[in-house]
Amino acid sequence: MAYTAKDIDVLEGLEPVRKRPAMYIGGTDAHGYHHLLWEILDNSVDEAINGHASRIEVALDADHRGATITDNGRGIPVDTHPKFKKSALELILTTLHAGGKFEGKSYQVAGGLHGVGSSVVNALSSELTATVWRGGKSYSQSFKRGKATSKLKRGGKTSKRGTAIHFRPDTEIFGKRAAFDASRVAERLEAKTYLHRGLKILFVDEKTGERQEFEHPGGIVDFLEKLVAERGKPSVHNDAFTAEHEEAPRVEVALRWTEATDEVIRSYANGIPTGSGGTHENGFKQGLAKAIRNHMDTHKLTPKGVKVTADDIREGLVALVSVYVEEPQFQGQTKDRLNNPEITAQIETTVRTAFEQWLLNNKTSAESIVARVIISSRARAASRAASQQVSRKTAISHRLNLPGKLADCSSTNPDESELFLVEGDSAGGNAKQGRDRKTQAILPLRGKVLNAERASQAQILGNRELQDIVSALGCGIGKDFDISKLRYGRVFLLMDADVDGHHIATLLLTFFFRMLPGLVKAGHIFLAQPPLYRIDIGKQVHWAVDDEERDRIIGDAPGNAKVEISRFKGLGEMTAEELRETTLDKTRRRALRVMVDGELEADRVFSELMGKDPAARYQFIMEQAPAAEAVELDV
């Protein structure tokens with residue numbers, strides 16, 4: 001077939017956004033849905049951090065499928081652009097890379113510098129209405145899927161100023177079930193008021209009528225105490241370290257060590273959360289490590305035979321790092337990472353100098369922190385010795401030291417290789433027969449695995465089932481984790497579709513979250529979705545993962561059709577062919593990728609529901625009991 005100029009498509013206007021939305025908002029899942037709200041919110045916050053607004057209101061529609069963001073800033077310009085002969089409002093909302101933040105004249109610092117955010121929201125919304133109060137007059141204009149549906153309308157006189165954007169994400173892009181999560185929105189709004197002292201944000205949930213006003217004059221110091229309290233781990237020292245540097249780039253830092261075994265660093269650039277870190281977070285880590293090492297060396301506090309690593313220093317750390325950069329270089333439109341190379345050295349110097357002085361002035365806290373670091377270093381050394389028992393092969397030596405019951409795949413390419421952790425030897429046997437031997441490996445598990453939330457690290461490392469999992473994965477565990485050595489790009493938890501199966505999957509998720517969090521964060525863990533029911537309608541075979549899907553399939557069947565329903569008691573009842581067709585075949589299976597969007601909330605949930613304290617579980621059960629169906633309870 002000829003390939004000519006006629007085969008070249010040119011997407012105009014906002015068509016590229018609707019054609020490839022993931023390039024602009026990261027995906028069309030819940031994360032992408034909420035990202036639309038964050039884009040409009042950040043524009044209002046930019047007004048605030050540049051001194052033009054002091055109050056923002058965010059209201060969710062009654063069905064949570066739309067939102068209105070209102071600020072008391074300067075209002076988007078509405079005069080006609082001399083070159084494009086359109087109002088600035090329409091130009092900003094219908095044109096990619098149109099905005100007032102490129103030259104730095106209207107905004108000294110800002111989060112939205114690509115000139116893309118507002119137009120992307122417009123392109124991906126079934127309806128959007130912009131209202132502007134500016135120069136003593138009100139203006140409004142309506143849009144649909146990126147195109148104006150009305151001309152700019154001028155209203156009456158007003159003393160108000162600012163901008164209001166109401167939008168409803170398009171169901172053609174996000175599906176009919178997508179909606180805003182009120183608690184997620186509230187958490188984001190409160191974080192903004194911690195980062196920007198003096199900013200007030202009112203959150204209105206029109207579904208419940210609830211109104212919450214957020215304002216935190218204490219800034220990130222108050223934010224730090226909130227994070228530490230929510231984690232529920234005791235602090236190592238009394239006084240938190242805080243530092244503020246006003247000269248460009250402006251930096252705010254607050255940190256505290258706790259008795260937790262992991263670290264939590266929340267970094268922000270121009271008020272935007274940078275979940276993947278970046279040069280500002282790297283500079284913070286380097287400055288912190290150098291300050292601790294210099295203090296230990298100067299005061300001869302390092303014991304003989306103890307080698308302190310950067311991970312040892314940060315274990316148990318809870319920290320907030322907020323920077324304001326005039327020309328931020330974000331990685332992609334989702335702005336998840338800051339890439340300005342010059343920022344690293346600037347932040348490192350600021351943090352190192354201030355923290356070294358703080359350690360000198362706060363000897364009691366300094367002693368407690370150093371003791372914490374030394375304990376962490378000794379524990380790491382002990383952990384390394386124990387974990388050597390389960391160290392694994394590289395992709396090249398992939399036949400060495402594998403668990404005996406692992407049916408490995410022939411491929412050594414992690415990008416195409418998959419590992420299925422299967423409940424029970426019987427189901428494992430069927431899975432081995434039904435798999436693609438080139439790319440799919442099967443590891444059967446016996447019974448319920450150890451609860452990693454309650455067990456000690458020594459118990460975890462000594463557990464045979466968990467040892468086998470670590471051995472099969474090949475990437476190490478804890479502080480010896482190296483994701484580059486991971487043998488399988490996808491790890492599926494394949495359990496029975498009943499309560500016991502869900503329990504085993506929860507135990508495994510706890511293990512991965514606590515001991516191999518890097519796999520979870522990188523999106524390598526999946527929940528397989530085997531069917532609970534087989535439904536034969538005439539000669540057609542349908543599969544249902546739960547009662548709701550079963551009822552829907554039966555309801556769609558012709559009235560005179562013969563319907564036969566079979567319920568699987570477990571994976572072992574399925575034949576190899578049925579397992580391949582429903583759960584293993586890449587073209588037909590269903591699976592859920594495990595992602596952690598709110599790491600702090602996930603930490604709290606695992607701690608409360610899987611930890612040793614029964615009081616937290618009791619409270620959860622009492623709170624959720626009124627909404628639970630009796631048939632769903634494992635009693």
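Quantities reported herein were computed from a predicted structural model and do not represent experimental measurements.
- Of the listed residues (L89, L93, N43, T131), just one forms a side-chain contact (heavy atoms from CB on, under 4.5 Å) with I76, and that residue is L89.
- Note that CD1 of I477 and CE of M515 are 4.0 Å apart. Values are rounded to the nearest 0.5 Å.
- A salt bridge links E252 with R197: the distance from a Lys NZ or Arg NE/NH1/NH2 to an Asp or Glu carboxylate oxygen falls below 4.0 Å.
- At least one donor-acceptor pair under 3.5 Å links the side chain of R256 to the backbone N or O of N238.
- What you find for G277 and S267 is that their closest heavy atoms are CA-OG, 4.0 Å.
- Here R314 pairs with D311 in a salt bridge; the nearest charged N to carboxylate O distance falls below 4.0 Å.
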- Can D205 and H64 be said to form a side chain to side chain donor-acceptor pair (under 3.5 Å), step by step? CA-CA 8 Å; D205 186 346; H64 283 188; 2.8 Å; yes

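- The shortest non-hydrogen separation linking L195 to G271 is CD1-O, 3.9 Å.
- Looking at residues two or more places apart in sequence or on another chain, you find no salt bridge (Lys or Arg N to Asp or Glu O under 4.0 Å) involving K233.
- Between the side chain of S377 and the backbone N or O of V373 there is no donor-acceptor pair closer than 3.5 Å.
- A salt bridge links R231 to D262: at least one charged side-chain nitrogen sits closer than 4.0 Å to a carboxylate oxygen.
- Between H216 and Y194, the ring planes are parallel. Angles under 30° get that label, and only those over 60° would be called perpendicular.
- A distance of 9.0 Å separates OG1 in T353 from CD in E348, rounded to the nearest 0.5 Å.
- For H166, the side-chain hydrogen bond (donor to acceptor under 3.5 Å, both in side chains) criterion is met by D61, not counting sequence neighbours.
- In this structure, F606 and F513 have parallel ring planes: the angle between them is below the 30° cut-off, well short of the 60° mark.
- With rounding to the nearest 0.5 angstrom, the CD atom of E259 is 8.5 Å from the OG atom of S235.
- Taking CD1 of I313 as the reference point, atom CZ of R293 lies at 4.5 Å (rounded to 0.5 Å).
- When atom types are taken as modelled, the side chain of N340 and the backbone of Q329 share a donor-acceptor pair closer than 3.5 angstrom.
- No side-chain heavy atom of V321 sits less than 4.5 Å from a side-chain heavy atom of E281.
- Environment of CD in E246: crowded, with over 12 heavy atoms of neighbouring residues, nucleotides or ligands closer than 6.0 Å.
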- Message: S276 vs D336, test: side chain to side chain donor-acceptor pair (under 3.5 Å). Steps then yes/no.
- Response: CA-CA 6 Å; S276 297; D336 200 42; 2.4 Å; yes

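- Within the 3.5 Å criterion, the main-chain N or O of T344 finds no donor-acceptor partner in the side chain of N282.
- Checking side-chain atoms of H34 against main-chain N and O of A30 turns up a donor-acceptor pair under 3.5 Å.
- A side-chain donor-acceptor contact under 3.5 Å links D312 to the backbone of T309.
- Closest non-hydrogen pair, F174 versus L124, comes out as CE1-O, 3.7 Å.
- Ring-centre distance between F355 and F241: below the 6.0 Å cut-off.
- Between the CD1 atom of I40 and the CG atom of D71 there is a distance of 10.5 Å, given to the nearest 0.5 Å.
- With rounding to the nearest 0.5 Å, the separation of OG in S322 from NE2 in H280 is 8.0 Å.
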All N/O donor-acceptor pairs, side-chain side in residues 361-372, below 3.5 Å, sequence neighbours left out:
unit_1	atom_1	unit_2	atom_2	d
N361	OD1	Q357	NE2	3.3
N361	ND2	Q357	O	3.3
N362	ND2	W358	O	2.9
S368	OG	T364	O	3.2
R372	NE	T258	O	3.1
R372	NH1	E315	OE2	3.2
R372	NH2	A260	O	2.5
R372	NH2	E315	OE2	3.4

